[in-house]
> 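Next up is a structure, given as structure tokens.
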Amino acid sequence: MDVNVNTPSNFIRNIIDEDLASGKHKKIITRFPPEPNGYLHIGHAKSICLNFGLAKDYNGTCHLRFDDTNPEKEEVEYIESIQNDVRWLGFDWGEHLYFASDYFDQLYGFAVELIKQGKAYVCELTAEQIREYRGTLTEPGKDSPYRNRSVEENLDLFERMKNGEFEEGSHVLRAKIDMASPNVVMRDPVLYRIRKVSHHRTGDKWCIYPMYDFTHCLSDAIEGITHSICTLEFENNRPLYEWILEQVFPDPHPRQIEFARLNLSYTVMSKRKLLRLVESGVVSGWDDPRMPTIAGLRRRGYTPEAIRDFCDRIGVAKANSVVDVALLEHCLREDLNRTSPRTMAVLRPLKVVIENYPEGQVEYLEAMNNPQDPEAGTRLIPFAREIFIEQDDFMLDPPKKFFRLAPGREVRLRFAYFITCTDVVYDDEGNVVEIRATYDPETKGGSAPDGRKVKATLHWVAADHSLPAEIRLYDHLFNKEDPNEGELEENLNPNSLEILTDARVELNMKDVQPGDRFQFERQGYYCVDVDSSPEKLVFNRTVPLRDTWAKMQDK
RNA sequence: UGGGGUGUAGCCAAGUCGGUAAGGCACAGGACUUUGACUCCUGCAUUCCCUGGUUCGAGUCCAGGCACCCCAGCCA
């Protein structure tokens, strides 16, 4: 299915259209450049869909390139998980898997070239001194005393940096640009630093590592990237991106284009804060179904199709914005409604005894697997004298708008019979523990030959012919639209997870596998959790169905 | 009090040469319904941050304001 058919126009597409029309490019090449220092989240999905989507729509190519220039923070584990997540989202980089670390030799050569041109120098100021010399946002910086070393001396020093002759932090290579530039990024930025740690890919070959600004533009250029799309905070770095390429790389150069990163209501997106949630145990891990990580969304039951559709719908622009999480959930429901087989599950069981139904009798009733998709076929569901219905579907003293079961009232059991509540059984404390009812044998399948109507249809499950299950009800992790406002921990939703242990599901659920998705009729979309086993079924609530009745009650 | 950006409905967002404000979500009504779901109708910016100006005509052009975001890592 081509979900990109309805992709709205945006300023990046306009730029590409112009570049193609003017003949500047015949083919476009984009890239998704994650740093392997954490898990991908829905914000990354926006970038992935943008970059891979553009390549696909324009018959171009999109590279997956790991920006692995900081061995202190990066791990091999992340490289695998990131590839996994991108693939799961439905994108294919083909042959084009790259690592910035594969360019370390070339990068070193470009640095030497820069030194030869007199445009880079080895500086021996300490980190603190560099900061002091940089000046402030309103005051210019001042030149480093090492700024005017000879080319020969710089070449020698840089080589000795590479050879490990100096201590970490004692020397850096800096670009010689302008310490008085109004753009702080241009005040002789650091290009290389010494880090005597081994790299997850290059091992101990290097003890100097290039900085982002030096690496990224050149990696893009080496790969022939035409449009290098990044987020807004790199706008200040664009002059440096262009400056470096102008000094050492022949035309044509990639063009950096910045767009606004995704923010979602009731969600945090910063890696630092997500890590805090994981480490403090607020969530069970990076794949906790309440996390906005791709791994978390996957475990929650999200589909790649829904995420892609969402990314297409939110648009791409330069204004900082916060997208309503309701849109994500809308995209999810839309996809799940089309594709999920239906089943009945009773979350909070209330026993109903059908007094005029023969004891010991079991009959199998046919049910549609998906009314949205006749091809999905039908299944048989056992019906018997004792069944469970949802506690919420019965009220002793119902208000005017309550259509479900109540004393004396007749309702339909989905795919089964009409039943009428004839009596109510209480426990010692006066709680309703059982409903007594009668059924009308004429209404088998759910419709009355005499044409009489009922106002409600209830889901149900046979008491002795159903399976126990644990059901995990997830809700937003935060109860504040912007969880970043104030203390993160104080904005946590105390009800973000409710575990139901007495639920009952259809017998047909016997052989489900982790990841299988269903619609529990009248309730929501659920998927089988990785913790599930044939001995103990565990389901996650992916997202509830829209519930106008609940909405009416809130008023 | 430096520089770089952004401002169109509750939330996203389109708006090529200035020609009389797309679409989606949310919300509110209604129809349909063996899921109070889905689907389907209807409504939802006399106005585009503000103030002036140019023009027959301005969200689009010009001038001046205002608000918010980013930048002073040997992180990316």
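Sequence lines set the chain letters: A, B, ... in the order given, protein chains first and strands last, and positions in each chain run from 1.
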> Quick one: on RNA chain B, does A:E334 or A:T138 contact a more 5' nucleotide (nearest heavy atom)?
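Its nucleotide being nearer the 5' end, the pick is A:T138.
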> Is the base of B:rG73 syn or anti, where syn means the angle lies within 90° of 0?
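Because its glycosidic torsion lies within 90° of 0, B:rG73 adopts the syn conformation.
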> Closest approach to the side chain of A:K73, judged atom by atom: which nucleotide of B:rG3, B:rU35, B:rC75 is it?
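Nearest nucleotide to the side chain: B:rC75.
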> Using only modelled atom types and a 3.5 angstrom limit, is any donor from either the side chain of A:R546 or the base of B:rG36 paired with an acceptor on the other?
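Donor-acceptor pair under 3.5 Å: no.
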> Looking at A:E363 and A:K444, does any basic side-chain N land under 4.0 Å from a carboxylate oxygen?
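Yes, this pair counts.
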> Is A:E305 paired with A:R338 through a side-chain N to carboxylate O contact shorter than 4.0 Å?
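Not counted as a salt bridge, because no side-chain N and carboxylate O are separated by less than 4.0 Å.
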> Round to a whole Å and report the spacing from CE of A:M186 to P of B:rG3.
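Atom CE in A:M186 sits about 16 Å away from atom P in B:rG3.
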> Under 4.0 Å, heavy atoms only, any strand: does A:R333 hit a base, just the sugar-phosphate, or nothing?
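Counting heavy atoms under 4.0 Å across all strands, no contact is made by A:R333.
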> Looking at B:rA14, which nucleotide sits across from it as a Watson-Crick or G-U wobble partner, both distances under 3.5 angstrom, or is there none?
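Check on B:rA14: unpaired, no WC or wobble geometry under 3.5 Å.
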> Within this structure, what is the CG-to-C1' distance between A:L264 and B:rA26, rounded to whole angstrom?
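Atom CG in A:L264 sits about 15 Å away from atom C1' in B:rA26.
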> Given the P atoms of B:rG53 and B:rC17, what is the spacing between them in whole Å?
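Per the computed distance, 25 Å lies between those P atoms.
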> Could you check how far CD of A:E233 sits from C1' of B:rC75, rounded to whole Å?
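The distance from CD of A:E233 to C1' of B:rC75 comes to 12 Å, rounded to the nearest Å.
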> List the residues meeting side-chain contact (heavy atoms from CB on, under 4.5 Å) with A:V76, not counting sequence neighbours, and say none if there are none.
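Checked A:V76 against side-chain contact (heavy atoms from CB on, under 4.5 Å); matches are A:H200.
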> Would you indicate, yes or no, if B:rA76 has its OP1 or OP2 atom less than 4.0 angstrom from a side-chain nitrogen or oxygen of A:R261?
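No, A:R261 has no side-chain N/O under 4.0 Å of OP1/OP2 on B:rA76.
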> If you measure only the distance, is there a donor-acceptor pair under 3.5 Å linking the side chains of A:R517 and A:S340?
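No, A:S340 and A:R517 have no side-chain donor paired with an acceptor closer than 3.5 Å.
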> Could you pull out the closest heavy-atom pair between A:D440 and A:Y417, with the gap in Å?
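In terms of heavy atoms, the two residues are closest at O-CD2, 3.4 Å.
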> Remember a base hit wins even if backbone is also touched, and classify A:T136 as base, sugar-phosphate or nothing at under 4.0 Å, heavy atoms.
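Base contact.
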> What does nucleotides 4-14 of chain B look like as a protein-contact string, B for base, S for sugar-phosphate only, - for none, at under 4.0 angstrom between heavy atoms?
SSS----SSSS
> Going from CD1 on A:I244 to CG on A:L218, what distance comes out if it is rounded to the nearest 0.5 angstrom?
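These two atoms lie 6.5 Å from each other.
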> Distance from A:Q519 atom CD to A:T339 atom OG1, nearest 0.5 Å?
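Reported value, rounded in 0.5 Å steps: 10.0 Å.
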> Which nucleotide, if any, forms a Watson-Crick or G-U wobble pair with B:rC61, using both distances under 3.5 Å?
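Checking every strand shown, B:rC61 finds its partner in B:rG53, with both distances under 3.5 Å.
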> Determine the interatomic distance between C1' on B:rG52 and the same-named atom on B:rU6; round to the nearest Å.
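About 23 Å, rounded to a whole number of Å.
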> Rounded to whole Å, please give me the gap between CG in A:L413 and C1' in B:rU35.
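Rounded to whole Å, this separation is 13 Å.
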> Side chain of A:M211: nearest nucleotide among B:rC38, B:rA72, B:rC75?
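The nucleotide sitting nearest to the side chain is B:rC75.
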> Within the structure provided, determine whether A:E506 and A:R379 are in side-chain contact (heavy-atom separation under 4.5 Å).
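Yes; the side chains approach each other to less than 4.5 Å.
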> Between A:R174 and B:rC74, is there a side-chain N or O to OP1/OP2 distance below 4.0 Å?
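No, no such contact exists.
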> Looking only at side-chain N and O atoms, does A:K551 come under 4.0 Å of OP1 or OP2 in B:rC27?
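For B:rC27, OP1/OP2 do have a side-chain N/O of A:K551 under 4.0 Å.
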> Give the rounded distance in Å between these two atoms: CD of A:E139 and P of B:rC71.
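Checked: the CD to P distance equals 19 Å.
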> Using atom P of each nucleotide, how far apart are B:rU46 and B:rA9 to the nearest Å?
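11 Å, rounded to whole Å.
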> With a 3.5 angstrom cut-off on both distances, give the Watson-Crick or G-U wobble partner of B:rA28, or none if there isn't one.
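Its partner is B:rU42 (Watson-Crick or G-U wobble, both distances under 3.5 Å).
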> Give me the distance, rounded to whole Å, that separates B:rG15 from B:rC56 when you measure between the P atoms they each carry.
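After rounding to an integer number of Å, I get 29 Å for this pair.
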> Mind checking if A:K401 touches a base, just sugar-phosphate, or nothing, with heavy atoms under 4.0 Å?
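Since a base atom lies under 4.0 Å of A:K401, the category is base.
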> A:R404 near the nucleic acid: base, sugar-phosphate alone, or nothing, with a heavy-atom cut-off under 4.0 Å?
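Contact class for A:R404: base.
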> Distance check, C1' atoms only: B:rG29 and B:rU8, in whole angstrom units.
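Rounded to whole Å, the distance is 27 Å.
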> Roughly how far, to the nearest 0.5 Å, is the OG1 atom of A:T30 from the CD1 atom of A:I225?
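The distance works out to 6.5 Å.
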> Side chain of A:A326: nearest nucleotide among B:rC71, B:rA26, B:rC75?
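The listed nucleotide nearest to A:A326's side chain is B:rA26.
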> Select from A:F403 and A:E168 the residue whose nearest nucleotide in RNA chain B is closer to the 5' end of that strand.
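The residue whose closest nucleotide sits nearer the 5' end is A:F403.
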> When rounded to the nearest Å, what value does the distance between C1' atoms of B:rC12 and B:rG30 take?
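About 27 Å, rounded to a whole number of Å.
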> Can you check the distance between B:rU55 and B:rC61, where both ends of the measurement are the C1' atom (answer in whole Å)?
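Rounded to whole Å, the distance is 10 Å.
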> Carefully, step by step, assess A:Y121 and A:D188 under the rule side chain to side chain donor-acceptor pair (under 3.5 Å).
CA-CA 9 Å; A:Y121 63 97; A:D188 289 10; 2.7 Å; yes
> In whole angstrom, what separates A:L191's CG from B:rC75's C1'?
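To the nearest whole Å, that distance equals 15 Å.
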> Could you tell me whether A:Y192 contacts a base, only the sugar-phosphate backbone, or nothing, with contacts defined as non-hydrogen atoms closer than 4.0 Å?
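The residue A:Y192 makes no contact with any strand.
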> Looking across every strand, which nucleic acid part, if any, lies under 4.0 Å from A:T215 by heavy atom: base, sugar-phosphate, or nothing?
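Result for A:T215 = nothing.
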> How would you label the contact of A:Q519 with the nucleic acid (heavy atoms, under 4.0 Å): base, sugar-phosphate, or nothing?
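Here A:Q519 touches the bases of the nucleic acid.
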> In whole Å, what is the span from the OH atom of A:Y266 to the P atom of B:rA26?
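To the nearest whole Å, that distance equals 14 Å.
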> Where along residues 363-376 of chain A does a heavy atom come under 4.0 Å from RNA chain B, residue by residue in number order?
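The answer is A:P371, A:Q372.
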> Phosphate oxygens OP1/OP2 of B:rC25: is one of them under 4.0 Å from a side-chain N or O of A:H330?
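For B:rC25, OP1 or OP2 has a side-chain N or O of A:H330 closer than 4.0 Å.
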> With a 4.0 Å cut-off on heavy atoms, is A:I208 in touch with a base, just the backbone sugar-phosphate, or nothing at all?
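Nothing, no heavy atom under 4.0 Å.
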> Quick one: sort the A:Y108 and A:F158 rings into parallel, tilted or perpendicular, breaks at 30° and 60°.
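Ring orientation of A:Y108 relative to A:F158: parallel.
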> Can you see if the side chain of A:R193 gets near the phosphate of B:rC75 - specifically, an N or O under 4.0 Å from OP1 or OP2?
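Looking at the OP1 and OP2 atoms of B:rC75, one of them is under 4.0 Å from a side-chain N or O of A:R193.
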> Taking only the side-chain nitrogens and oxygens of A:R13, find out if one of them lies under 4.0 Å from OP1 or OP2 of B:rU16.
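Negative; the distance criterion is not met.
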> Check for me: is A:Y212 stacked on B:rA76 by the 5.5 Å centroid and 30° plane-angle rule?
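The base of B:rA76 is not stacked with A:Y212 (the test needs centres under 5.5 Å and planes under 30°).
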> Distance between the P atoms of B:rC25 and B:rC40, in whole angstroms?
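That atom pair is separated by 10 Å.
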> If pairing requires Watson-Crick or G-U wobble contacts with both distances under 3.5 Å, which nucleotide is the partner of B:rG2?
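Pairing partner: B:rC71.
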> Between A:Y241 and A:H216, what is the ring plane arrangement, given parallel below 30°, perpendicular above 60°, and tilted in between?
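Correct class here is tilted.
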> Between A:R313 and A:E334, does any side-chain N to carboxylate O distance fall below 4.0 Å?
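Salt bridge present between A:R313 and A:E334.
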> Between C1' on B:rU35 and NE2 on A:H459, what's the gap in Å once rounded to a whole number?
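To the nearest whole Å, that distance equals 10 Å.
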> Is there a donor in the side chain of A:H63 and an acceptor in the side chain of A:E223, or the other way round, less than 3.5 Å apart?
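Yes - a donor-acceptor pair under 3.5 Å links their side chains.
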> Examine B:rG73: is either OP1 or OP2 under 4.0 Å from a nitrogen or oxygen in the side chain of A:R134? Give yes or no.
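For A:R134, the contact criterion (side-chain N or O under 4.0 Å from OP1 or OP2 of B:rG73) is met.
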> So A:V172, base contact, sugar-phosphate only, or nothing? Heavy-atom distance under 4.0 Å.
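Base contact.
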